Amino acid sequence: MDSHSTIPQPTTIFSVANASIFYGSFKAVRDVTLDIYANQVTALIGPSGCGKSTLLRCFNRMNDLVPGARVEGKITYHNKDLYEKTVDPVEVRRRVGMVFQKPNPFPKSIYDNVVFGARVNKYKGDLDELVETSLRQAALWDEVKDKLKESGLSLSGGQQQRLCIARTIATRPEVILMDEPCSALDPISTLKVEELIHELKQNYTIVIVTHNMQQATRVSDRTAFFNAEATAKGNRVGYLVECDATSVIFNSPKEQATMDYVSGRFG
């Protein structure tokens, strides 16, 4: 019997096929083909301006909010075209949550921050239970359980970022997108968020943009390396160089450009 036949294939959550992303007439990213698998952490790495965050924002239709932004090619979510006219972007964003570069808690209590999305979505369950569950999953409950009425802005930067992760979890998404979630944090807070990412992938699919190579090696199962090239007009267009298991990308990538980047020769 073939030994490979017993290894289950991971479920594909997103499938990107020959996708190019434009802002008006400017092509920011070209011809990306990439799959994102369930319950894995996929890291998007590469130099500034290569389209990592632009692609990330396509997964929850966040780029719709930018005038003139459009996608050519196909991005599917559970085999359904994410950009089909019948797809409701608000529902997409409920299922595909986003954590931003800088912690952005609302000027409300810790409790109200966590339940914000649930209230908007007319959540019918027990809000107290949702708050505790979400804060526990975000590894923040023990630090804030006695001050839920205090402002989310009173927390430290690292705690604020975990509060934002709790707020995202509380809407019961399937996927969490993270755009450089540790770039504004100190090393100890960064480590806590990284440990949290490891725990969260048991229940969620995570896509993270990071400039920190060590972070990519620590938290991700797969890594996609993007680069950018100058166009005739002097713009830079991003493209995917390769995507593979993180250990392959960092130790034996197929492309020389990948090896140059991950070993610190450029970028």
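These numbers were taken from a predicted model, which means no experiment stands behind them.
In this structure, the side chain of D179 does not engage the main chain of V209 through any donor-acceptor pair within 3.5 Å. Between the side chain of D112 and the backbone N or O of K108 there is no donor-acceptor pair closer than 3.5 Å. Looking only at distances, no side-chain donor or acceptor of T168 sits under 3.5 Å from a matching main-chain atom of V99. Side chain of Q159 to main chain of S156: a donor-acceptor pair is present (N/O by atom type, distance under 3.5 Å, no hydrogens or angles). For the pair R93 (side chain) and N60 (backbone), a donor-acceptor distance under 3.5 Å is present. Under the 3.5 Å distance criterion, the side-chain polar atoms of T133 are left unmatched by any main-chain donor or acceptor of L130. A donor-acceptor pair under 3.5 Å is formed between the side chain of T33 and the backbone N or O of N18.
Proximity of F14 to D35: side-chain heavy atoms (C-beta onward) are nowhere separated by under 4.5 Å. In this structure, Q40 and K201 have side chains that are not in contact, with every pair of non-hydrogen atoms separated by 4.5 Å or more. At least one side-chain heavy atom of I208 sits less than 4.5 Å from a side-chain heavy atom of V41. Side-chain contact between I165 and M178: present, with at least one pair of heavy atoms (C-beta onward) separated by less than 4.5 Å. Side-chain contact between I45 and Y261: present, with at least one pair of heavy atoms (C-beta onward) separated by less than 4.5 Å. Side-chain contact check for I21 versus L55: some heavy-atom pair is nearer than 4.5 Å. Here the side chains of F22 and V71 are not in contact, with every heavy-atom distance at 4.5 Å or above. With a 4.5 Å cut-off on side-chain heavy atoms, L44 and F225 do not count as touching.
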**Request:** Test R30 against E229 for salt bridge (Lys or Arg N to Asp or Glu O under 4.0 Å), laying out the working first.
**Result:** CA-CA 10 Å; R30 66 164 168 81; E229 61 189 10; 2.8 Å; yes
**Message:** Working note: R218 + E194, criterion salt bridge (Lys or Arg N to Asp or Glu O under 4.0 Å); need CA distance, chi angles, decisive distance, verdict.
**Reply:** CA-CA 8 Å; R218 286 192 298 259; E194 288 181 2; 2.6 Å; yes
**Prompt:** Are K52 and E180 close enough, and set up right, to give a salt bridge (Lys or Arg N to Asp or Glu O under 4.0 Å), and what steps lead you there?
**Reply:** CA-CA 10 Å; K52 308 178 295 294; E180 293 189 61; 5.8 Å; no
**From CA spacing to verdict: side chain to side chain donor-acceptor pair (under 3.5 Å), Q137, Y204** = CA-CA 11 Å; Q137 277 198 293; Y204 305 92; 3.1 Å; yes
**Request:** Begin with the C-alpha distance, continue with both residues' side-chain angles, and end with the deciding distance and a verdict on side chain to side chain contact (heavy atoms under 4.5 Å, CB included) for T205 and I36.
**Result:** CA-CA 8 Å; T205 299; I36 303 291; 3.8 Å; yes
**Message:** Before you tell me yes or no, could you show the steps for E72 and R70 under salt bridge (Lys or Arg N to Asp or Glu O under 4.0 Å), namely the whole-Å CA-CA distance, both residues' side-chain angles and the distance that decides it to 0.1 Å?
**Reply:** CA-CA 7 Å; E72 289 183 1; R70 71 181 197 283; 3.3 Å; yes
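Within 6.0 Å of CG on L65 lie more than 12 heavy atoms contributed by other residues, nucleotides or ligands. Around the NZ atom of K74, the shell of radius 6.0 Å holds no more than 12 heavy atoms that belong to other residues, nucleotides or ligands.
Cluster annotation: V207 is not connected to Y37 through the hydrophobic network of ILVMFWY side chains, with a link wherever side-chain heavy atoms come within less than 4.5 Å. Residue I197 is grouped with residue L185 when hydrophobic side chains (ILVMFWY) are merged at heavy-atom distances under 4.5 angstrom, including chains of intermediate members. If you chain together hydrophobic residues whose side chains sit under 4.5 Å apart, I176 and F59 never meet in one group. Criterion: ILVMFWY side-chain heavy atoms under 4.5 Å apart, direct or through other members. Under it, L240 and F250 are not part of a common hydrophobic cluster. If you chain together hydrophobic residues whose side chains sit under 4.5 Å apart, V32 and V241 never meet in one group.
Side-chain contact of S189 with D186: a donor-acceptor pair under 3.5 Å is present, judged by distance alone. Looking only at atom types and distance, the side chain of T171 has no donor-acceptor partner in the side chain of Y123 under 3.5 Å away. Between the side chains of T12 and S15, not a single donor N or O lies within less than 3.5 Å of an accepting N or O.
Residues S183 and Q101 share a closest heavy-atom pair of OG-CG, 3.0 Å. Across all their heavy atoms, P103 and Q160 have their closest contact at CB-CB, 3.6 Å. Contact detail for P105 and C164: the closest heavy-atom pair is N-SG, 3.7 Å. Nearest approach of P173 to G97, heavy atoms of both residues: CB-N, 3.9 Å.
To the nearest 0.5 angstrom, I206 atom CD1 is 11.0 Å from S220 atom OG. Here CD1 of I249 is found 9.5 Å from CE of M259. Values are rounded to the nearest 0.5 Å. In this structure, the separation between SG on C58 and CG on N63 is 4.5 Å, given to the nearest 0.5 Å. For the atom pair M213 CE and T246 OG1, the distance stands at 11.0 Å (nearest 0.5 Å). For the atom pair CD of Q161 and CG of L196, the computed distance is 10.0 Å after rounding to the nearest 0.5 Å. Rounding to the nearest 0.5 Å places CG of N39 at 7.5 Å from CD1 of I13.
At least one test fails for R167 against the ring of F116: distance under 6.0 Å to the centre or angle within 45° of the axis.
The aromatic ring centroids of Y239 and F226 lie 6.0 Å or more from each other.
Counting only residues at least two apart or in different chains, salt bridge (Lys or Arg N to Asp or Glu O under 4.0 Å) contacts with residues 121-135 comprise E132-R136.
Exactly one residue among N104, L135, V144 makes a side-chain contact (heavy atoms from CB on, under 4.5 Å) with L163. That residue is L135.
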